[in-house]
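Each remark here refers to the structure printed beneath this line.
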Amino acid sequence: MIRSRVIGTGAYVPPRILSNHDLEKMVKTSDEWIATRTGIKERHIADEESATDIAVKAAKKAVESASLSADEIDLIIVATVTSDMVFPSTACFVQSRLGIKKNIPAFDISAACSGFLYGLDIADKYIKNGAAKKVLVAGVDVFSRIIDWNDRNTCVLFGDGAGAVVLSAERGNRGLLSSHLHSNGDHWRLLYTPSNIYSSPFKTHSRVHSHKHDEPYLKMEGNKVFKLAVQAMGETCQEALEHNDLKPADVTFLIPHQANIRIINATAEKTGISAEKVYINVDRYGNTSAGSIPIALDELAHSGRLKSGDILLMAAFGGGLTWASAVVRW
Ligand code: COA
């Protein structure tokens with residue numbers, strides 16, 4: 001059977017660190033509040049760099065670690081909701097900046113924090129039906145550009161970063177075993193960022209949204225998102241295990257979306273996965289949205305802690321609402 005095996009990983013976060021103590025000087029908050037409620041101690045913020053700049057750095061590392069030349073890639077998928085431009089896609093910029101001269105397909109997908117797992121799922125379908133053999137999947141977000149830095153409810157939670165993998169079509173048992181995608185658009189108001197595209201310059205009446213939605217910043221009902229995230233991540237982990245006839249004890253590492261240590265711990269507990277098997281870096285990066293899982297996967301891959309045959313369970317949750325899980329045999 002043809003599977004999508006991860007043959008390379010890469011990640012990049014911008015160098016500037018914004019600590020909880022830095023945030024104490026910007027909004028009414030404290031290191032103690034942020035650390036105990038979220039597990040976050042610091043996050044990286046892009047100054048000069050854009051989503052494309054960050055994604056390209058992660059992508060180059062992934063291609064290098066796969067020992068490929070960029071021209072061997074035959075599909076690029078970038079998960080992001082903070083692309084440099086409305087169009088072209090970040091994926092097209094990545095193709096150009098990697099110097100790929102073949103006219104391969106390249107496109108972005110929008111599934112917020114679940115975006116990387118959505119990308120993995122799509123890439124796998126291209127590979128399984130023979131349409132692609134080597135696929136670059138990147139997740140990147142620069143939420144620092146869509147955060148209201150005066151809003152302590154949201155500005156302490158997010159950071160910027162990117163991660164990428166190269167998937168290769170291979171026969172055998174290693175690779176992506178399954179992926180499970182979900183969404184519920186009825187809950188969109190719990191987590192969203194408006195844009196001015198919504199407003200027609202010709203239409204002055206009968207607006208569906210009220211004017212308060214027009215500020216171009218991330219809005220979130222944190223408490224409701226928290227509860228739904230715990231429920232959805234737990235359920236999708238469960239379905240991923242059942243689909244593959246795996247028990248929690250079979251999982252080598254749980255790699256959850258890094259939004260909040262309390263969501264991560266509750267997901268692990270619901271799924272029956274012990275604490276030492278849960279990969280955590282939310283303390284260093286905060287929530288990097290689509291970058292979160294591939295950054296964690298890259299760190300784990302380069303830590304020397306993974307061996308062939310290990311079972312990785314990944315789960316994410318984000319705006320949409322969207323949520324997803326995937327199981328990889330390393
Ligand atoms: N510093 C200090 N106090 C803060 C604060 C901050 N940065 N942010 C909020 N507070 C205050 C609130 O104003 C509230 O005060 P009040 O009781 O006087 O009204 C109090 O802390 C408790 O707020 P609450 O929202 O109940 O806290 P919480 O325990 O639910 O934690 C979140 C808030 C945002 C950390 C939590 O709800 C969360 O993580 N939600 C999910 C967010 C997320 O991961 N989103 C992305 C999903 S991909």
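A quick note: this is a predicted structure, and the numbers were derived from the prediction, not measured. Atoms within a ligand are numbered from 1 in the order they appear, just like the ligands themselves.
In this structure, R16 pairs ionically with D47, as a charged nitrogen and a carboxylate oxygen lie closer than 4.0 Å.
Ring-plane geometry between W323 and H182 is classed as parallel, the angle between the planes falling under 30 degrees on a 0 to 90 degree scale with a further cut at 60.
Scored by the side-chain contact (heavy atoms from CB on, under 4.5 Å) test, N287 finds C113, F158, H257, A259, S289 as partners (sequence neighbours excluded).
Within a 6.0 Å sphere centred on CG of N129, other residues, nucleotides and ligands contribute more than 12 heavy atoms.
Through side-chain heavy atoms spaced under 4.5 Å, either directly or across other Ile, Leu, Val, Met, Phe, Trp or Tyr residues, V166 is tied to I7, Y12, I54, V56, V63, L68, I73, I76, V78, V94, L98, I100, I104, L136, V140, V142.
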List the atom pairs, with distances to 0.1 Å, where a side-chain N or O of residues 21-28 and a protein N or O form a donor-acceptor pair under 3.5 Å, not counting sequence neighbours.
residue	atom	partner	partner atom	Å
H21	ND1	E24	OE1	3.3
D22	OD2	S19	N	2.8
D22	OD2	S19	OG	3.2
E24	OE2	D31	N	2.7

Quick check for students: name every N or O atom pair between ligand 1 and the protein closer than 3.5 Å, with distances.
residue	atom	partner	partner atom	Å
ligand 1	1 (N)	T29	OG1	2.6
ligand 1	3 (N)	W33	NE1	3.4
ligand 1	3 (N)	R152	NH1	3.4
ligand 1	7 (N)	T29	OG1	3.1
ligand 1	7 (N)	R152	O	2.9
ligand 1	13 (O)	R152	NH2	3.1
ligand 1	21 (O)	W33	NE1	3.4
ligand 1	26 (O)	N223	ND2	3.2
ligand 1	27 (O)	R37	NH1	3.1
ligand 1	29 (O)	R37	NH1	2.8
ligand 1	29 (O)	R262	NH2	3.1
ligand 1	30 (O)	N223	ND2	3.0
ligand 1	31 (O)	R262	NH2	3.4
ligand 1	37 (O)	G222	O	3.2
ligand 1	39 (O)	N260	ND2	2.7
ligand 1	40 (N)	G222	O	2.9

